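Read through the structure below, which is laid out as structure tokens, and then see the notes.
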Amino acid sequence: MSNHISRRDVLKSLSKGVIAGSVLRVIPLEAAEYVHRMVASEKATSPAGAYTPKFFPPQQYKTLVALCQTIIPADADSGGAIEGGSPEFIDLITSENPEHQLTLGGGLMWLDETCTDHYGQPYIRCTAEQQKQILDSIAYRKNALADPSLSPGIEFFAFLRDLTVDAFFTSAPGIKYLDYIGNTYLAEFPGCPPVPEA
Amino acid sequence: MPQVIRSPKTYDVCIIGSGAAGGTAAKVLTEGGLSVVMLEAGPPLYPEKDFKEHVWPYQLPHRGAGIGAKDRWGFGEFLAPNGFWDIEGEPYTVAEGSRFRWFRSRIVGGRTNHWGRIALRFAPVDFKVRSTDGMGDDWPLTYEELSPYYDKVESYIGVFGTKENIPSAPDGIFMPPPPMRCTETILKKSCDKLNILFIPSRMAILTKPLNGRPACHYCAQCGRGCISASNFSSSQVMIPPAQKTGRFTLITGAMAREIIVGKDGKCEAVSYIEKATRSEKRVNAKAFILAASACESSRLLLNSKSASFPDGLANSSGVVGRYLTDSVGSSGGGYFPQLEKMPPHNHDGVGGMHMYVPWWKFDRKNDFLRGYHIEVGGGRNMPGISEFEGVCEEFEGYGASLKQKCQSRYGTYIGFAGRGEMIPNANSYCDIDPVTVDEWGIPVLRFHWEWSDNEIKMAKDMQETFRAIVEAGGGTYHSRATPGGLNPYGIADGGVIIHELGTARMGSTPKTSALNKYCQAHDVKNLFVTDGACFVSNADKNPTLTIMALSWRASEYLLEESRKGNL
């Protein structure tokens, strides 16, 4: 692989396309493939396959990881958002999308500032009970009716939840958890089992 | 001006565009003995490398969401390559007050690499709309005239379906259909209760081997492109037989700029930009077929101005760019609790619906003219990006309860998409933007768009029907559609259904049409337009099958005329 262009150059060229319009832009195929290879090779060469965040600074990334884990936790049946790669996915697409940088980067700042106001600590250092309290307040849209000041947190959390769920249920453990059967070669499609009555 | 490099050779026919229309013409003309050169604006296609068939979402870092998650609500990055709502360097504009989107594919095979494979014949009445209800115009040809070409296309490409004798949905030459999925058995019961027709769909997917192409292996991924060519794409089914004749030359990366007219008033060459070198080249031919997609072909006509054709080639009638239509589209979905009890099973099937609702209210008076059909989808598909957005929105929260809710709701939704007929109107058309050019220096299209009341009423009827079907099946209906706003009853913006047709319509009189019933320009004998531009009306039938039948027919006519020395 040629090292003449750096990842930074590629990402710069990508984000130019993204800024130019709010709808899907064309990404040069070579550049897209290059980014895919970069992510895979970084994971392969870093210790224990650890991922180096591209957008979030280390402290924020830790908070992101904690939030993902809370949104889709591991349980006896399956892994959760961590095993499903949600934080990596979110960091990757955020690094490429200025709108996401605002929503998620700004949202994480809002969360820490709000926790500091209420509990004297950023989210990650709050007690489990305090964390539950703040998340319960921003995890439901109706809470904004009683307290409009929660709105930025609610918007942020709704988007983070969508992306966390996206990544988990498109991961190997997530697909297994759903018991999806398919993506295979059948000589004939047999039809489905009968549907139980409504 | 850079030096123009002329090809020394004169081909019998030059085809511009390699999709459904261009591919069909290439096959028929080369097999008929003519030499053909084809210009394609995009790159060549290598299915084994370019198609993402059988790839899991987790094998892509973006999981199908695309760079910056920009594809999250679109077609996703699994789609067969090089299809875009926006192409860098090749813009189009939309007039103030209009909303229109234009989906283009720059690659060999064009949009047939990813298309929905829904292959429906127009009905006899669809060719006689003005005689039937006084709106729009009749076609200059009848169903009976086109029917033999539907036969030829279906026999050659392979279409599954069943004989039903429904006047609004003529039968064709069909392979056996796949059995219903569980989701479709629920809808069948609902539709039977409501006296709505619900029949096996008609799709260009092989359920038996054909001409060396293996039968479908039921992975449900047709939209990604099929490496085994078990569904129809022009790139894999029409272009290879043309190449086999030894009379076919394909030039990729070639953006047609202008058709050059000779002193005798006939077309003699196409001037095109070789994208790789940004240089202008010319290719000579005795006849020309425009098959670049409806709007792209009319753009080329409008940009081909000369002393003999000051308003654009083949445009003495002034209709080029006019009578632009798209399908009326509105959608919704239902949650069916009985599906929560389904055991895990392989639900994939073909890439698309096994059953559909043809237009069923043809025997009564409705609140609107013309009709629509309903496409269905859903169930235990391969999970994808934004799969559980509805669950997240409905249940909110986080943690174990959210995770379990996604699991129990997985595969319990059935989606509905209505596809109806728009009547052409004076405010929906495209013309050349007076100031904007693309990166090749070619003036771009500007779109003007307006839905009329008839389409809005049709969208309302779609919403009511979706709800009735869902509720009759014991489900709960969900839709974002509202009666007001920019998109009343959920009607999609113009172009979004990607069935844009018209802009160089055929007709029996040169005063009100650009082409005759063989897709031949009234003004220029050796010029044909065989893509969706030639359509007079946009029936509630996905247009690709009809595009191929018309292109096949036009190509046979061209062969005959060429033999007689009439071109």
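Within every chain, numbering begins at 1; the chains are lettered A, B, ... in the order of the sequence lines, protein sequences first and strands thereafter. Keep in mind the model is a prediction, meaning the values are calculated, not measured. Atom set for the values below is all heavy atoms of this structure, side chains included, hydrogens, waters and symmetry mates excluded.
- The most heavy-atom pairs under 4.5 Å with chain B, out of A:Gly80, A:Ala167, A:Ala158, A:Ala187, come from A:Ala167.
- Heavy-atom neighbours of B:Lys188 NZ from other residues, nucleotides or ligands within 6.0 Å: above the threshold of 12.
- Of all heavy-atom pairs spanning B:Cys392 and A:Val165, the tightest one is SG-CG2, 3.8 Å.
- The pair A:Glu197-B:Lys341 fails the salt-bridge criterion, with no side-chain N (NZ, NE, NH1 or NH2) lying under 4.0 Å from an Asp/Glu carboxylate O.
- Per-residue heavy-atom pair counts under 4.5 Å with chain A were compared for B:His54, B:Glu53, B:Gln59, B:Gln221, and the maximum is reached by B:His54.
- Within the model, atoms CZ of A:Phe89 and CG of B:Leu60 stand 11.0 Å from one another, a figure rounded to the nearest 0.5 Å.
- Using a 4.5 Å cut-off between heavy atoms, A:Ala81 makes no contact with chain B at all.
- Within the 4.5 angstrom heavy-atom criterion, atoms from both the backbone and the side chain of A:Leu135 approach chain B.
- For the atom pair CE (B:Met342) and SG (A:Cys192), the distance works out to 5.5 Å, reported to the nearest 0.5 Å.
- Here the shortest heavy-atom pairing between A:Phe189 and B:Asn346 reads CE1-O, 3.6 Å.
- No donor-acceptor distance shorter than 3.5 angstrom exists from the side chain of B:Glu396 to the backbone of A:Tyr140, with no hydrogens or angles considered.
- Put simply, of A:Ile71, A:Ile138, A:Leu163, the one with the most heavy-atom pairs under 4.5 Å next to chain B is A:Ile71.
- Between A:Thr170 and B:Gly384, the shortest heavy-atom contact is CG2-C, 3.6 Å.
- In this structure, chain A has a heavy atom under 4.5 Å from the backbone of B:Phe395, while its side chain stays farther away.
- Counting non-hydrogen atoms of neighbouring residues, nucleotides and ligands closer than 6.0 angstrom, the CD atom of B:Glu439 exceeds 12 such neighbours.
- Contact of A:Val195 with chain B is made through backbone and side chain together, with heavy-atom distances under 4.5 Å.
- Between the side chains of B:Tyr410 and A:Asp179, not a single donor N or O lies within less than 3.5 Å of an accepting N or O.
- Interface residue B:Gln407: backbone and side-chain heavy atoms are both found under 4.5 Å from chain A.
- With a 4.5 angstrom heavy-atom cutoff, A:Thr164 does not touch chain B via any of its atoms.
- Contacts between A:Ala172 and chain B at a heavy-atom distance below 4.5 Å involve backbone atoms as well as side-chain atoms.
- Side chains of A:Arg141 and B:Glu393 form a contact here, defined as non-hydrogen atoms less than 4.5 Å apart.
- Of the listed residues B:Glu340, B:Arg380, B:Met382, B:Arg181, the one with more heavy-atom pairs under 4.5 angstrom with chain A than any other is B:Met382.
- Interatomic distance, A:Asp166 CG to B:Glu389 CD, rounded to the nearest 0.5 Å: 7.0 Å.
- For NZ of A:Lys62, the number of neighbouring non-hydrogen atoms (other residues, nucleotides, ligands) closer than 6.0 Å is 12 at most.
- Pairing each heavy atom of A:Leu92 with each of B:Pro61, the nearest pair is CD2-CB, 3.6 Å.
- Between A:Gly191 and B:Pro179, the closest heavy-atom pair is N-CG, 3.7 Å.
- Proximity to chain B (any heavy atom under 4.5 Å) is shown, for A:Asp77, by neither the backbone nor the side chain.
- Residue A:Asp136 holds its CG atom at 3.5 Å from OH of B:Tyr398, rounded to the nearest 0.5 Å.
- Using cut-offs of 30° and 60° for the angle between ring planes, the B:Trp56 and A:Tyr180 rings count as perpendicular.
- The line from CG of A:Leu178 to CZ of B:Arg409 is 14.0 Å long, rounded to the nearest 0.5 Å.
- Using a 4.5 Å heavy-atom threshold, the side chains of B:Leu402 and A:Arg161 count as touching.
- Taken from CD1 in A:Ile175 to CD in B:Glu387, the straight-line distance is 9.5 Å, to the nearest 0.5 Å.
- Side-chain N or O atoms of B:Asp348 include one that pairs as donor or acceptor with a backbone N or O of A:Asn183 at under 3.5 Å.
- Options B:Gly411, B:Pro383, B:Cys219 differ in how many heavy-atom pairs under 4.5 Å they form with chain A, and the most are formed by B:Pro383.
- Looking at B:Gln404, both its backbone and its side chain come within 4.5 Å of chain A, counting heavy atoms on both sides.
- Between B:Lys403 and A:Asp75 there is a salt bridge, since at least one side-chain N of the basic residue sits less than 4.0 Å from a carboxylate O of the acidic one.
- Residue A:Pro193 comes nearest to B:Cys182 through the heavy atom pair O-CB, 4.1 Å, listed as atom of the first residue, atom of the second, then distance.
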